Amino acid sequence: MSRPDRTEFRSLTGMRDVLWPESARRRALVDVFAAVVEAAGYREVRPPLLEDLGVFLRVGETTDVVTKEMYDFEDKDGSRVALRPELTAGVVRAFVQHSPPVPWKVWYEGANFRHERPQKGRYRSFEQVGVEVLGVDDPDLDVEVIALAWRFYEAIGLRSVRLLLNTLGEHDDRARYTEAVRDHLEAHRGDLSDQALATLARNPLRVLDSKRPQDRAVVESAPVIADVLSAPAAEHFARVREGLEVLGVPYTEAPRLVRGLDYYRRTTFEFAAESLDAAQNAVGGGGRYDGLAEDLGGPPTDGIGLALGVDRILLACDAEGVFGAPEAVLDVYVVDLVGGAAARDLTHELRAAGFSADRRFGGGSMKSQMKSADRSGARWAVLVGDDEVAAGEVTLRDLRGGADQRRVPRDRLTAELAGSQPSETQPSEPEVEPT
RNA sequence: GUGGCCGUAGCUCAGCCCGGUUAGAGCGCCAGGUUGUGGCCCUGGAGGUCGGGGGUUCAAGUCCCCUCGGUCACCCCA
């Protein structure tokens with residue numbers, strides 16, 4: 001745009017390039033999540049990014065996510081499709097389509113898309129990790145899912161996360177509750193903000209989420225779900241709370257907690273990072289969605305899931321100084337002063353032997369190549385000049401700490417490296433250190 | 001969709017209020033100091049249509065208008 005005579009492309013609004021080392025940090029985060037949930041029997045599912053628009057319409061026809069933030073468009077055959085704004089709907093659609101044995105315990109990671117104005121911690125393309133379980137009606141499962149998220153936050157080092165817990169009751173409870181809230185809000189129309197009135201018209205429960213000071217008094221005097229909760233729903237909720245207490249997962253009851261999507265029933269929860277500003281402190285959430293599979297054309301099936309926002313979790317990590325980006329790590333950097341063939345051959349041999357190895361292309365002075373070696377994060381530099389070639393040797397230099405170096409026969413190089421520092425020769429787990 | 005703030009070197013920014021010769025700094029990058037040795041230090045160098053367009057003026061990075069982009073917030077949400 002800034003050069004009319006030359007086309008210069010930029011990433012689209014709200015879309016970002018994730019460059020190293022941030023990319024490595026994200027991968028490390030997903031690895032931690034995968035380790036936590038796979039240890040509990042969850043297996044990865046990878047639904048497509050694009051679905052029939054109807055899949056998403058079913059999950060929230062009165063929500064902003066669906067009504068105004070969806071990337072939907074007409075496909076080449078005229079059908080209406082959309083980029084997924086979240087993953088639960090696609091996962092449940094996959095469940096209905098494939099009828100896997102229940103319980104179906106899956107986890108996922110990936111990008112979602114919402115067409116909204118970007119700001120800190122919210123982008124048009126954003127990543128989530130999450131789990132879903134279909135086919136189990138047992139409060140202990142709710143406890144398991146919540147406890148896994150809790151364990152994950154602990155594993156990456158976050159300490160300021162608070163669990164907010166609520167129940168929306170059974171289907172009929174929710175309907176009754178919605179009416180009770182609607183009646184209450186209608187009775188106080190005059191005290192509500194214009195935005196709250198607009199929300200009231202299409203989804204009364206969502207007004208409870210209003211953070212506007214003007215609405216606070218009306219919201220706080222609104223009926224709570226406990227007033228209309230049926231006995232089975234109350235029992236379910238009691239057992240969830242009991243389970244969390246036994247497992248030592250602290251929670252705060254949040255009777256006004258109403259989550260963004262329409263499909264939630266019974267248990268709902270949200271994780272708030274208190275190290276972040278309120279505008280983006282929700283770092284995860286989820287709940288039960290018994291009935292969603294049926295809405296998508298499948299058999300009546302209980303379901304529960306959670307989704308955690310990767311971008312916001314990393315913001316919280318920044319705020320708390322944990323889970324920093326990893327340092328560059330490399331076993332060997334080859335410095336070649338004899339034309340490049342030695343670097344070509346040695347890096348190839350070293351990699352085949354299981355070492356990570358890099359080099360400089362295009363030559364350069366020894367000094368500049370050593371600078372590159374330093375920046376690469378390499379443990380060792382292997383130097384090859386005329387002297388070494390003549391002697392059939394290479395120079396092995398320690399780049400950490402001192403400047404020890406020694407000549408070794410070229411055909412003994414991998415053996416020398418293996419003996420010198422075994423721990424450096426293993427493909428290790430991501431090295432993630434606090435910044 | 002609405003509002004605030006900001007666009008000057010690869011990055012972070014100064015200069016703009018009070019228009020005036022070749023637009024600066026730090027970091028990064030390249031090279032040299034050390035004709036085969038990184039990190040620290042010193043010296044030098046490359047790198048900028050001052051987001052774009054229009055206007056005012058003898059003169060615009062600086063003033064005015066428009067526009068594009070970024071960012072933060074509202075709405076809503078992860």
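Just so it is clear, the model here is predicted, and its values are computed rather than measured. All values below come from the heavy atoms of this structure, side chains included, with hydrogens, waters and symmetry mates left out. Numbered from 1 within each chain, the chains take letters A, B, ... in sequence-line order.
- Residue G121(A) is in base contact, counting any heavy-atom pair closer than 4.0 Å across all strands shown.
- Note on K120(A): only backbone sugar-phosphate atoms sit closer than 4.0 angstrom, heavy atoms only; bases stay farther off.
- Going from atom CG of L330(A) over to atom P of rG39(B) covers 18 Å, rounded to whole Å.
- Atom CD in Q369(A) sits about 15 Å away from atom C1' in rC30(B), given to the nearest Å.
- The residue L383(A) sits close to a base: some heavy atom pair falls under 4.0 Å.
- Judged purely by distance below 3.5 Å, without hydrogens or angles, the side chains of T395(A) and Q405(A) never pair a donor atom with an acceptor atom.
- Between rC30(B) and R375(A), a contact under 4.0 Å exists linking OP1 or OP2 to a side-chain N or O.
- Residue Q128(A) places none of its side-chain N or O atoms closer than 4.0 Å to OP1 or OP2 of rA78(B).
- Across all strands shown, N281(A) has no heavy atoms under 4.0 Å from either base or sugar-phosphate atoms.
- Taking only distance into account, the side chain of E388(A) meets the base of rG36(B) through a donor-acceptor pair shorter than 3.5 Å.
- You won't find any donor-acceptor pair under 3.5 Å spanning the side chain of R117(A) and the base of rG1(B), going by distance alone.
- Within the nucleic acid shown, N112(A) has no heavy atom closer than 4.0 Å to any nucleic acid atom.
- Surrounding CZ of R151(A) are at most 12 heavy atoms belonging to other residues, nucleotides or ligands under 6.0 Å away.
- When heavy atoms are screened at a 4.0 angstrom cut-off, T13(A) is found touching the sugar-phosphate backbone but no base atom.
- Looking at heavy-atom distances under 4.0 Å, G284(A) makes contact with sugar-phosphate atoms alone, never a base.
- Among the heavy atoms of the strands lying under 4.0 Å from Y123(A) is at least one base atom, whether or not backbone atoms are also near.
- Remark: R46(A) CZ is loosely packed, at most 12 non-hydrogen atoms of other residues, nucleotides or ligands lying under 6.0 Å away.
- The base of rG38(B) sits with one of its N or O atoms less than 3.5 Å from a complementary donor or acceptor on the side chain of D374(A).
- In terms of heavy-atom proximity, D358(A) sits nearest to R351(A) at CA-NH2, 3.9 Å.
- Residue A307(A) is classed as having no contact, given no heavy-atom separation below 4.0 Å to the nucleic acid.
- Going from the C1' atom of rA46(B) to that of rC30(B) covers 7 Å, rounded to whole Å.
- Inspection of the T414(A) and E349(A) side chains reveals no N or O donor paired with an N or O acceptor under 3.5 Å.
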